[in-house]
Amino acid sequence: MTKLILITGATAGIGKATARELAAKGHHVIIHGRNEQKAQKVVAEIKQATGNQHVNYLIADLFSMTAIKEMAARFNAKYDHLDVLINNAGAVLDDKRFETADGIEGTMALNVFAPLLLTELLLPRLRKSQDARVINMSSGTHRMAHPDMNDLNLEHVSSGQTRYGISKLFVIWNTQHLAAHLQQAGITNVTVNASHPGMATTNFGQSSDNGFWNNLVYKVALAIGKTFHIATPEQGAVTNVYLATNDAVKGVSGEFFNNKKQQAKPATGEYTPARELALWKYCMAKLQPWIDEN
Ligand SMILES: NC(=O)c1ccc[n+]([C@@H]2O[C@H](COP(=O)([O-])OP(=O)(O)OC[C@H]3O[C@@H](n4cnc5c(N)ncnc54)[C@H](OP(=O)(O)O)[C@@H]3O)[C@@H](O)[C@H]2O)c1
């Protein structure tokens, strides 16, 4: 069955590879990007490569909650349902901390708040699907995260990589919380899972400033990865494609999947149900202005 699939951050890397693979399987794919020219180019490339003409794009800067709301409104105006939402866009940002215009630390805005808000705003369309799936991109680096629950806007975290790891741990906690929330509300046709794509040779870390040695590691990892074909963006897309389409995971929700399509146990060292709830309440309180006016 052809699915309607929206993938954020699909103008490059793993998101683009996921979009191409899903289009090749015949699905209607909507790629999200922040640069219109780039998005148009990727749409043309995917149509050409797959022969599938059902490829469209949507634009939004995911640092802006208002832009996300506007994009969701454009989606809702055009489509009556959504089968799969892949919250793929994400990044490690500079060591120098920055806050978005909404007063949210940048990594938290892009990696944690953007997927949550987009999912909330598209939930009515997801509920119209027989088998709706939300996939949130996490990362293996969540295992190194030690969040301070009194500092959820990461004001006292000085490294971009540390902020990244914390954000990807929070993606897992929010995924678990949303899955439980949907189940409690009796919504059984929408599942939500988190995934780790493995280390893949993409633009990841190529433009952030994380200090001389870390910058060098990212550059070397890309060069070595490309030369030795260690992990291509296509390989990084494997779990996304599996979670989006495979019957084996129909109905599975609140889980974490590794880069080999296997259900895995996320790190539990920092986890408590009370922390998960505190994070959820913090995020939803911040997002309320964009959810309320819906
Ligand atoms: N690559 C890895 O080794 C690895 C490992 C673990 C997890 N991940 C996760 O996998 C996901 C995809 O990463 P990737 O490696 O494919 O990275 P990438 O090549 O840098 O692609 C990131 C995508 O997100 C978009 N994006 C970034 N910031 C945005 C913003 N503010 N607003 C809108 N779109 C934005 C980018 O748009 P532009 O094209 O305009 O830049 C691009 O399409 C991320 O969530 C990442 O954390 C990656």
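Each ligand, and each atom within it, is numbered from 1 in the order the structure gives. All residue numbers in this chain count up from 1 along the given sequence.
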Novice: Thinking salt bridges, do E99 and R97 make one under a 4.0 Å N-O criterion?
Specialist: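 Answer for the salt bridge query: yes.
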
Novice: Less than 4.5 Å apart, any side-chain heavy atom of N56 and any of K78?
Specialist: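 They are in contact (side-chain heavy atoms under 4.5 Å apart), so the answer is yes.
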
Novice: So, N35 side chain and K38 main chain: donor-acceptor pair closer than 3.5 Å or not?
Specialist: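 Confirmed, N35 side chain pairs with K38 backbone.
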
Novice: Quick one about Q262 and Y242 (side-chain donor to acceptor, distance below 3.5 Å, no hydrogens or angles considered), yes or no?
Specialist: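 Judged by distance alone, the side chains do not pair up.
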
Novice: Going through the distances and angles, do D94 and N210 end up as a side chain to side chain donor-acceptor pair (under 3.5 Å)?
Specialist: CA-CA 6 Å; D94 294 351; N210 301 107; 5.8 Å; no

Novice: Can F170 and F113 be said to form a ring pair (Phe, Tyr, Trp, His ring centres under 6.0 Å), step by step?
Specialist: CA-CA 10 Å; F170 287 169; F113 284 93; 9.5 Å; no

Novice: May I have the N/O to N/O pairs between ligand 1 and the protein that fall below 3.5 Å, each with atom names and distance to one decimal?
Specialist:
{"unit_1": "ligand 1", "atom_1": "1 (N)", "unit_2": "A200", "atom_2": "O", "d": "3.2"}
{"unit_1": "ligand 1", "atom_1": "1 (N)", "unit_2": "T202", "atom_2": "OG1", "d": "3.2"}
{"unit_1": "ligand 1", "atom_1": "3 (O)", "unit_2": "A200", "atom_2": "N", "d": "2.8"}
{"unit_1": "ligand 1", "atom_1": "3 (O)", "unit_2": "A200", "atom_2": "O", "d": "3.4"}
{"unit_1": "ligand 1", "atom_1": "15 (O)", "unit_2": "T202", "atom_2": "OG1", "d": "2.5"}
{"unit_1": "ligand 1", "atom_1": "16 (O)", "unit_2": "I14", "atom_2": "N", "d": "2.8"}
{"unit_1": "ligand 1", "atom_1": "19 (O)", "unit_2": "N203", "atom_2": "N", "d": "3.1"}
{"unit_1": "ligand 1", "atom_1": "31 (N)", "unit_2": "D61", "atom_2": "OD1", "d": "3.3"}
{"unit_1": "ligand 1", "atom_1": "32 (N)", "unit_2": "L62", "atom_2": "N", "d": "2.9"}
{"unit_1": "ligand 1", "atom_1": "37 (O)", "unit_2": "T11", "atom_2": "OG1", "d": "3.4"}
{"unit_1": "ligand 1", "atom_1": "39 (O)", "unit_2": "T11", "atom_2": "OG1", "d": "2.8"}
{"unit_1": "ligand 1", "atom_1": "39 (O)", "unit_2": "K38", "atom_2": "NZ", "d": "2.7"}
{"unit_1": "ligand 1", "atom_1": "40 (O)", "unit_2": "R34", "atom_2": "NE", "d": "3.0"}
{"unit_1": "ligand 1", "atom_1": "41 (O)", "unit_2": "R34", "atom_2": "NH2", "d": "2.9"}
{"unit_1": "ligand 1", "atom_1": "43 (O)", "unit_2": "G9", "atom_2": "O", "d": "3.2"}
{"unit_1": "ligand 1", "atom_1": "43 (O)", "unit_2": "T11", "atom_2": "N", "d": "3.4"}
{"unit_1": "ligand 1", "atom_1": "43 (O)", "unit_2": "T11", "atom_2": "OG1", "d": "2.8"}
{"unit_1": "ligand 1", "atom_1": "45 (O)", "unit_2": "N88", "atom_2": "O", "d": "2.7"}
{"unit_1": "ligand 1", "atom_1": "45 (O)", "unit_2": "K168", "atom_2": "NZ", "d": "2.9"}
{"unit_1": "ligand 1", "atom_1": "47 (O)", "unit_2": "Y164", "atom_2": "OH", "d": "2.5"}
{"unit_1": "ligand 1", "atom_1": "47 (O)", "unit_2": "K168", "atom_2": "NZ", "d": "3.2"}

